[in-house]
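Every chain is numbered from 1, with letters handed out A, B, ... down the list of sequences.
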There are 2 protein chains.
Amino acid sequence: MANNPLMDRCESTIIHEDIINEVKAHMPKEESLYDLAELFKVFGDTTRIKILYALFASEMCVCDMAALLNMTQSAISHQLRVLKQARLVKFRKDGKVVYYSLDDHHIQQIFNQGLNHINE
Amino acid sequence: MANNPLMDRCESTIIHEDIINEVKAHMPKEESLYDLAELFKVFGDTTRIKILYALFASEMCVCDMAALLNMTQSAISHQLRVLKQARLVKFRKDGKVVYYSLDDHHIQQIFNQGLNHINE
DNA sequence: TGAATATATGAACAAGTATTCATATGTATA
DNA sequence: TATACATATGAATACTTGTTCATATATTCA
C-alpha cells in the first residue's frame, strides 16, 4: 500500500470524530484565518515592530525613523509600504517630508497582550 | 562622497532631533521587541493559526488535527514543535496518543484584537 | 531652471521557513 | 516477541522575505 495517499495521515483512521466535528463547528472561516495570519506576519519582524512602537509615541518622518533605528532610508521605506498595505499606518505630506502615524488603535493592545505572554 | 555610509540616511541630517529623543525614551528595550516579533512570527502562519483555533475548542491529538486540517501528520507535528517552543501549547500522553492543548490564555484575546483590525 | 534633498521603488541576493519524504522512536496488543 | 500504529525528526526542496543597491519621483529653494 505504498501509494495510499492517506498512509501518512494516521492510516486514515480518525480517532475522535466527535471532537473533529465539534472543533470544525467553532472554526472561523478560512478567509478570516488567512487574513489573521497575514496580519501577524506583518507584526513578525523586528524592524516593523520598532517602527510601530516609535509611532506609539509620536508621528515621524521616514528620515527620522532611519536615524532612530540606524537603518537605511530605503529599508525603512520598504517596511512602511508593508505597514501601509496592512492599513496599520497612515501618512501626511508636508513638502518633501512625509509624516507617518498609526492608523489603528488595536495595535497597542495586541502588543501588550503579546508582552504579557513573553513576561510570564 | 560616494563612500559616505550615511549618504542613504537623509544625508545624515536628522530633521527632528527632539522627536527622536522623545521616541527613544519610550521604546521598550531591544530584547522585548525582538521577543515580541518572534511571538508574532509564530502567529504568522495559517497552519499554526488553525491549530491554535482548534485548540480553543478542545484538546486534540496530532492525528485528529491532521484529519481536521487535511494535512500530513508530519507537517502538523513540525508545527506543534514550533508552538511548543513558543510555550503556546502543552501536551499530555495517553499511551501512543499525544493530546495537545493551549498553554496560554492571552492567545484568544490577541486573536480577537487581530480580527477587530481585519473587520474594520 | 537647476541643484539639493526626502521619499519611493524595482531588481537582485541572502537568509529564513513550511512542507514533504523517509525513517526513527515509543507504546500497545496479538 | 513481533506487529501495528501514533508521533517525532532530520534532510532536502520550494517558496517567501528583508535588505541593499541603483535609480526614479517629487518638492523646495537659490
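Per the geometry, CD1 belonging to A:I76 stands 15 Å off P belonging to C:dT9, to the nearest Å. The separation between B:E59 atom CD and D:dT7 atom P is 12 Å, rounded to whole Å. Protein atom CG of A:N70 is 10 Å distant from nucleotide atom P of D:dT20, rounded to whole Å. Regarding A:I51, its CD1 atom lies at a distance of 14 Å from the C1' atom of C:dT7, rounded to whole Å.
Listed by chain and residue number, A:H16 satisfy the side chain to side chain contact (heavy atoms under 4.5 Å, CB included) test with A:D18 (two or more places apart in sequence, or in another chain). Residues passing the side chain to side chain contact (heavy atoms under 4.5 Å, CB included) test with A:Q113 are A:N116, B:H106, B:Q109, B:I110, sequence neighbours excluded. For B:E120, there are no salt bridge (Lys or Arg N to Asp or Glu O under 4.0 Å) partners at least two apart in sequence or on another chain. Contacts of B:V97 classified as side chain to side chain contact (heavy atoms under 4.5 Å, CB included), with partners at least two apart in sequence or in another chain: A:I15, B:C61, B:Y99. In this view, B:E38 and B:K41 satisfy the salt bridge (Lys or Arg N to Asp or Glu O under 4.0 Å) rule, not counting sequence neighbours. Considering only residues two or more places apart in sequence or on other chains, B:S32 meets the side chain to side chain contact (heavy atoms under 4.5 Å, CB included) condition with A:L115, B:P28, B:K29. Contacts of B:E30 classified as side chain to side chain donor-acceptor pair (under 3.5 Å), with partners at least two apart in sequence or in another chain: A:K50.
Of the residues in residues 91-103 of chain B, B:G95, B:K96 come within less than 4.0 Å of DNA chain C through at least one heavy atom, sorted by number.
Judged by distance alone with a 3.5 Å cut-off, a donor-acceptor contact links the side chain of A:Q73 to the base of C:dA8.
Here the CZ atom belonging to A:F111 is positioned 10.5 Å from the CD1 atom belonging to A:I118, to the nearest 0.5 angstrom.
Under a 3.5 Å cut-off, the side chain of A:H117 and the backbone N or O of B:A86 do form a donor-acceptor pair.
Five base pairs at each end of the helix from C:dT1-D:dA30 to C:dA30-D:dT1 define two local axes, and these are offset by 20° (rounded to 10°).
Using a 4.0 Å cut-off, some side-chain N or O of B:T72 falls inside it from OP1 or OP2 of C:dT20.
Residue pairs meeting the ring pair (Phe, Tyr, Trp, His ring centres under 6.0 Å) criterion with at least one partner in residues 66-92 of chain A, sequence neighbours excluded, are A:F91-A:Y100. Residue pairs meeting the salt bridge (charged side-chain N to carboxylate O under 4.0 Å, His left out) criterion with at least one member in residues 93-105 of chain B: none, sequence neighbours excluded.
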Can you build the contact string for nucleotides 10-18 of chain C? Use B for base contact, S for sugar-phosphate-only contact, and - for no protein heavy atom under 4.0 Å.
BB-----SS
